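A quick write-up on the structure given underneath.
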Protein chains: 2
Amino acid sequence: MEEDKHSLKERKVITIGIVSELTGLTVRQIRYYEERKLIFPERSNQGSRKFSFSDVETLMEIANKIEEGVQTHEIRREMAKKKKGVTEKEVRNRMLKGQIRAQFGDPKM
Amino acid sequence: MEEDKHSLKERKVITIGIVSELTGLTVRQIRYYEERKLIFPERSNQGSRKFSFSDVETLMEIANKIEEGVQTHEIRREMAKKKKGVTEKEVRNRMLKGQIRAQFGDPKM
DNA sequence: CGTGTAAGGAATTCTGACACG
DNA sequence: CGTGTAAGGAATTCTGACACG
């Protein structure tokens with residue numbers, strides 16, 4: 001569940017131009033949101049940004065927040081909270097698996 | 001199930017350079033396999049090819065076949081058969097859903 | 001048949017900066 | 001603060017073709 005680095009959704013394979021088409025944002029805006037630490041594209045050999053479908057989703061949420069007048073540092077905080085929530089959920093999940101394993105053997109999850 | 005045009009796997013968003021990295025094939029090879037009708041990338045506004053994750057998978061299968069010495073027109077035929085098989089499977093699936101619906105109401109699949 | 005390569009052009013992407021505000 | 005833009009350079013992508021075989 002935590003090793004999603006290789007799921008289709010998380011793989012960084014989309015160039016900024018296509019992300020721009022997909023989100024309706026300008027490349028300038030996308031680069032700026034990276035500068036503000038809202039998204040974290042990988043870099044290609046020659047330094048080109050590569051985004052995932054997940055990044056595209058995040059960008060659309062960002063676009064909504066921006067339209068609502070929320071500032072980037074606020075969005076940054078909100079996202080940090082949300083991410084933390086997921087992490088805690090994963091921790092609980094892991095603990096639960098451990099208990100189940102202890103009781104019934106490997107649950108193969 | 002048949003409206004997969006918009007699933008992550010089918011969306012054409014990857015440029016040829018990244019497909020090259022992902023598959024280990026040269027851009028020349030990828031373009032050639034398109035010429036031989038083995039893959040069907042979409043085109044960006046200015047004519048750049050855009051591939052899906054599904055295309056990447058197909059290309060890896062093609063790479064294997066080529067290594068085995070299978071010629072492109074043979075691969076083309078094999079793929080036509082496989083595609084037809086999937087279609088028939090989908091037809092059966094649709095018919096089955098119809099029957100279930102008639103018996104028990106909408107199965108919400 | 002399948003793939004490499006040089007050719008020439010068009011479009012992309014990158015960074016740092018100035019502008020407005 | 002968020003975004004547009006012109007600047008200059010580097011890397012990408014495209015097509016049609018010649019080469020080898």
Side-chain angles (χ1 to χ4, degrees), chain A residues 11-80, chain B residues 11-80:
Chain A
R11 297 202 67 169
K12 310 271 188 176
V13 297
I14 315 178
T15 55
I16 196 167
I18 294 181
V19 171
S20 174
E21 291 176 13
L22 257 31
T23 59
L25 295 167
T26 64
V27 296
R28 178 66 168 106
Q29 289 175 305
I30 298 168
R31 290 190 188 125
Y32 181 65
Y33 301 149
E34 178 192 18
E35 188 184 320
R36 301 314 307 274
K37 310 288 185 189
L38 300 182
I39 45 172
F40 306 90
E42 287 180 3
R43 293 292 176 139
S44 202
N45 304 321
Q46 306 71 18
S48 294
R49 272 164 270 248
K50 295 187 296 183
F51 302 80
S52 65
F53 279 115
S54 186
D55 290 329
V56 171
E57 275 186 18
T58 303
L59 281 168
M60 296 183 100
E61 289 175 28
I62 293 170
N64 289 332
K65 298 290 178 63
I66 291 286
E67 273 186 60
E68 292 172 30
V70 185
Q71 294 196 328
T72 54
H73 73 272
E74 269 302 331
I75 299 176
R76 174 90 193 81
R77 278 189 210 132
E78 292 174 25
M79 286 176 49
Chain B
R11 296 202 69 170
K12 311 271 187 174
V13 297
I14 315 177
T15 56
I16 197 166
I18 293 181
V19 171
S20 175
E21 292 175 14
L22 256 32
T23 61
L25 295 167
T26 63
V27 297
R28 177 66 168 107
Q29 290 175 305
I30 298 169
R31 290 190 189 123
Y32 181 66
Y33 301 148
E34 177 191 18
E35 188 185 320
R36 302 312 310 273
K37 310 288 186 188
L38 300 182
I39 45 172
F40 307 91
E42 286 179 5
R43 294 291 178 139
S44 201
N45 305 319
Q46 306 70 21
S48 294
R49 271 165 272 249
K50 294 188 297 183
F51 302 80
S52 65
F53 279 114
S54 186
D55 291 329
V56 171
E57 276 186 18
T58 303
L59 281 167
M60 297 183 100
E61 289 174 26
I62 293 171
N64 289 335
K65 299 288 178 64
I66 292 286
E67 273 186 61
E68 293 172 28
V70 186
Q71 294 197 326
T72 54
H73 73 272
E74 269 302 332
I75 299 175
R76 173 90 192 80
R77 277 187 211 133
E78 292 175 26
M79 287 176 48

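Since the model is a prediction, treat every value here as computed from it, not as a measurement. Labels below follow one simple rule: chain letters A, B, ... track the order of the sequence lines, proteins then strands, and each chain is numbered from 1.
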Closest of C:dT15, D:dC14, C:dA11 to the B:R31 side chain is D:dC14
Can you list the stems that DNA chain D is part of, where a stem is at least 3 pairs in a row, each Watson-Crick or G-U, with both distances below 3.5 Å?
C:2-5 with D:17-20, C:17-20 with D:2-5
If you look at every strand shown and take non-hydrogen atoms under 4.0 Å, does B:S44 touch a base, only sugar-phosphate, or nothing?
nothing
Short side-chain donor-acceptor distance under 3.5 Å, A:R28 and A:Y32
no
What's the closest nucleotide to the B:Y32 side chain, out of C:dG2, C:dC14, D:dG4?
C:dG2
Pair of N/O donor and acceptor under 3.5 Å linking D:dT5 base with A:R28 side chain
yes
Send over the distance from B:N45 CG to D:dC14 P, rounded to a whole Å.
13 Å
Nearest heavy-atom pair of A:M60 and A:L22: which atoms, and what distance?
CE-O, 3.9 Å
Separation of C:dA11 C1' from B:I16 CD1 (nearest whole Å):
15 Å
Distance-minimising heavy-atom pair for A:T26 and A:Q29
N-OE1, 2.9 Å
Could you pull out the closest heavy-atom pair between A:A63 and A:L25, with the gap in Å?
CB-CD2, 4.0 Å
Quick check on D:dA11: is either OP1 or OP2 less than 4.0 Å from any side-chain nitrogen or oxygen of A:S48?
no
Donor + acceptor pair across side chains of A:T58, A:D55 (<3.5 Å):
no
For atom NZ of B:K50 and atom P of D:dC14, their distance in whole Å
12 Å
Remember a base hit wins even if backbone is also touched, and classify A:R49 as base, sugar-phosphate or nothing at under 4.0 Å, heavy atoms.
sugar-phosphate
A:Y33 side chain near D:dT3 phosphate (N/O to OP1/OP2, under 4.0 Å)
yes
On the nucleotide C:dT12, are OP1 or OP2 found under 4.0 Å from the side-chain N or O atoms that B:Q46 carries?
yes
For a quick test of reading the model, state the closest non-hydrogen atom pair linking B:L38 to B:T72 and the distance between them.
CD2-O, 3.6 Å
Under 4.0 Å, counting only non-hydrogen atoms across every strand here, what does B:R36 touch: a base, just sugar-phosphate, or nothing?
sugar-phosphate
From D:dT3, C:dT12, C:dT15, pick the nucleotide closest to the side chain of A:I66?
D:dT3
Side-chain donor/acceptor of A:S48 to backbone N/O of A:S44, under 3.5 Å:
no
Measure CZ/B:F51 against C1'/D:dT13 and give the value in whole Å, please.
11 Å
Assign each of A:E34 and B:E35 to its nearest nucleotide of DNA chain C by heavy atoms, then name whichever residue's nucleotide is nearer the 5' end.
B:E35
Contact summary for B:F51 and B:T15, nearest pair of heavy atoms
CD1-C, 4.3 Å
Choose from D:dT13, C:dT3, C:dT15 the nucleotide whose nearest atom is closest to any side-chain atom of B:T15.
D:dT13
A:I18 CD1 to C:dA11 P: how many Å, rounded?
16 Å
Taking the side chain of B:Q29 as heavy atoms from C-beta outward, which of D:dG2, C:dT15, C:dT3 is closest to it?
C:dT3
